[in-house]
Amino acid sequence: MSKTFYIETFGCQMNAHDSEKVVGTLIGQGYAQVETPEEAELVFYNTCSIRDKAEQKVFHRLQQFKRDGKGKTFAVLGCVAQQEGEKIFDKAPHVSLVCGSASYHKLPELLVQIESGSRRVTGLSLDREDAFETPLTRRDNPHRAYLTIIEGCDKSCAYCVVPFTRGPERSRTSASVIAESLELARAGYTEIQLLGQNVNSYRDPSPAGWNFATLLDRVGRTPGIRRVRFTTSHPRDFGRDIVDAIDSNQALCNHVHLPVQSGSTRVLDAMQRLYTREEYMRRIEWLKSARRSIAISTDVIVGFPGETEADFEATLALLDEVQYDSIFSFKYSRRPNTHALTLEDHIPEEEKTRRLTILQEHQRGIQIRRNAHYVDTTEECHVEGFNQATGQWIGRTSQNKTLNFLHPTARPDLVGGYVPVLVTRAGPNSLAGEAVN
Ligand code: SAM
Ligand code: SF4
């Protein structure tokens, strides 16, 4: 009988994809995946430490098993593993393996150590030069595939733990990315999502020397691939050539996620973001002057140390100016090792909450107005599932909008397909419509 494992993933798409690689590696080593931690001999948590709340989740999970986890082996992977290292063994003595993402290539040998009875095994080195790749990746979605092109981060934003948890930037060769795209198309995938902490900082390490825009365009020309997305782009490295690529290649989705963090140049400077509000707005102008209508989304942090009411209002004004299609917004969270810990004027928690509520309400109004423009248009929808409760199919437009729709015939084979849908209603977070025959 093979050994069983369970894995739970927290955090971003990079983590979700890392887990797909870890699952593939484990299955390759003869382990069998199970659906609950109770059934498993090995329990893996792939963790996130971007904000304090995310970090606490894993310790909460481990606490639940402190008493009734006897006979099981617990492993902490990902960003909390890298950040806390061996301290995890003190906080949760029933953990046997602590491994950061830059050491996943060593998992098979670390597992051998565990199996031979070692109680405290670590993989915490950050000195890996190439990206973690495995031919064994077990992708969760049969139609849309994540594909990492660059790992780590060489920036040093004052609030962020990523450079400490994921190590320095490492790009994959363009040849290996193209080979994997072809492989994915052959396996039946029609949508590829290119991943990286700063996906557009990609620099081909091979003599071909492609930049991100070239790689994006070439992946979009893979026969059989109908949609290509990419996340996350850093504004500093966002060139006009990316907009040109989207304009000239229909397979590239007309959506760009471009995190701004703040609308105040003073705060951007304190955050060490490497661009001003004006420089960011120049990129927005490129996107808005494109021939295709490109949806734009962003990330915003409220309550960074020293953020005044005037700074916050500058962020609200920026939302009005850009008219984002969606935003992810967060209260600033203190993270270990980061420069922001040394700054003065930390904002009280209640004030951060107040600003976050105002920001989200403001953006909700923008989204209601923006989405209303889609009513009476026909959008191509990539079908992701069926909602039994509402009797509607669920899909996504090229602009990354959720579109729920009715289909006149009961066709069980719609998932994974592309369906033209007439939009009949719009809300702040999604569209609704009817399939066009
Ligand atoms: N590399 C991307 C960039 O530079 O825009 C961002 C990647 S980060 C994993 C995702 C988002 O988490 C950031 O854009 C930021 O808004 C948020 N974030 C990161 N550190 C944070 C912190 N200490 N407190 C609150 N939000 C944070
Ligand atoms: Fe974090 Fe900044 Fe790197 Fe993005 S660019 S991962 S926010 S340090």
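These figures come from a predicted structure and were not determined experimentally. Indexing begins at 1, ligand by ligand and atom by atom, following the structure's order. Quick note: numbers below take in every heavy atom, side chains included, and nothing from hydrogens, waters or symmetry partners.
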Undergrad: For atom 1 (N) of ligand 1, what's the nearest protein heavy-atom neighbour? Residue, atom name and distance, please.
TA: Q197 O, 2.8 Å
Undergrad: Show me which atoms of ligand 1 lie under 4.0 Å from any heavy atom of P259.
TA: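 Here the atoms of ligand 1 in question are 5 (O).
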Undergrad: With a 4.0 Å heavy-atom cut-off (strictly under), which part of I50 contacts ligand 1: side chain, backbone, both or neither?
TA: both
Undergrad: Using a 4.0 Å heavy-atom threshold (strictly under), name the region of K331 that reaches ligand 1: side chain, backbone, both or neither.
TA: backbone
Undergrad: Tell me whether atom 3 (Fe) of ligand 2 has C153 as a neighbour, meaning an N, O or S atom of it below 2.8 Å.
TA: yes
Undergrad: Considering only non-hydrogen protein atoms, determine which one is nearest to atom 2 (Fe) of ligand 2 and report residue, atom name and distance to 0.1 Å.
TA: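 The answer is C157 SG, 2.3 Å.
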Undergrad: Would you call K401-E379 a salt bridge at under 4.0 Å N-O?
TA: no
Undergrad: In the protein, what heavy atom is nearest to atom 1 (Fe) of ligand 2, and what distance, to one decimal place, separates them?
TA: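 Ranking protein heavy atoms by distance from atom 1 (Fe) of ligand 2, first comes C160 SG, 2.3 Å.
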Undergrad: Any atoms of ligand 1 less than 4.0 Å from a non-hydrogen atom of Q261? List them with their elements.
TA: 5 (O), 13 (C), 14 (O), 15 (C), 16 (O)
Undergrad: Between E8 and K57, is the closest basic N to carboxylate O distance under 4.0 Å?
TA: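 E8 and K57: not salt-bridged.
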Undergrad: In terms of atom number and element, which parts of ligand 2 are under 4.0 angstrom from non-hydrogen atoms of H234?
TA: 5 (S)
Undergrad: Using heavy atoms and a threshold below 4.0 Å, how should the contact between R273 and ligand 1 be classified: side chain, backbone, both, or neither?
TA: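 Within the 4.0 Å criterion, R273 contacts ligand 1 through side-chain atoms alone.
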Undergrad: When you measure from atom 12 (O) of ligand 1 to every protein heavy atom, which one gives the shortest distance, and what is it?
TA: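 Heavy-atom neighbour on the protein nearest atom 12 (O) of ligand 1: R51 NH1, 3.5 Å.
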Undergrad: Would you please classify the geometry between the F5 ring and the Y31 ring as parallel, tilted or perpendicular, with 30° and 60° separating the classes?
TA: perpendicular
Undergrad: R273 near ligand 2, heavy-atom distance under 4.0 Å?
TA: yes
Undergrad: Short list, please: which atoms of ligand 1 are under 4.0 Å from a heavy atom of N198?
TA: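 The atoms of ligand 1 under 4.0 Å from a heavy atom of N198 are 1 (N), 2 (C), 3 (C), 4 (O).
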Undergrad: Under a 4.0 Å heavy-atom limit, does P163 contact ligand 2 with its side chain, its backbone, both, or neither?
TA: side chain
Undergrad: Give me the one residue out of K91, E84, E86 that meets side chain to side chain contact (heavy atoms under 4.5 Å, CB included) with I88.
TA: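 Going through K91, E84, E86 one by one, the side chain to side chain contact (heavy atoms under 4.5 Å, CB included) with I88 is satisfied by E84 alone.
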Undergrad: Answer yes when R396 and E191 have at least one side-chain N-carboxylate O distance shorter than 4.0 Å, and no when they do not.
TA: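 So R396 does not pair with E191 through a salt bridge.
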Undergrad: Name the option, out of S201, C157, A158, S333, that contains the heavy atom nearest to atom 24 (N) of ligand 1.
TA: S333
Undergrad: Can you tell me which residue and heavy atom of the protein come closest to atom 7 (S) of ligand 2, and the distance to 0.1 Å?
TA: Y159 OH, 3.4 Å
Undergrad: Counting from 1, what ligand 1 atoms have a heavy atom of H234 closer than 4.0 Å?
TA: 4 (O)
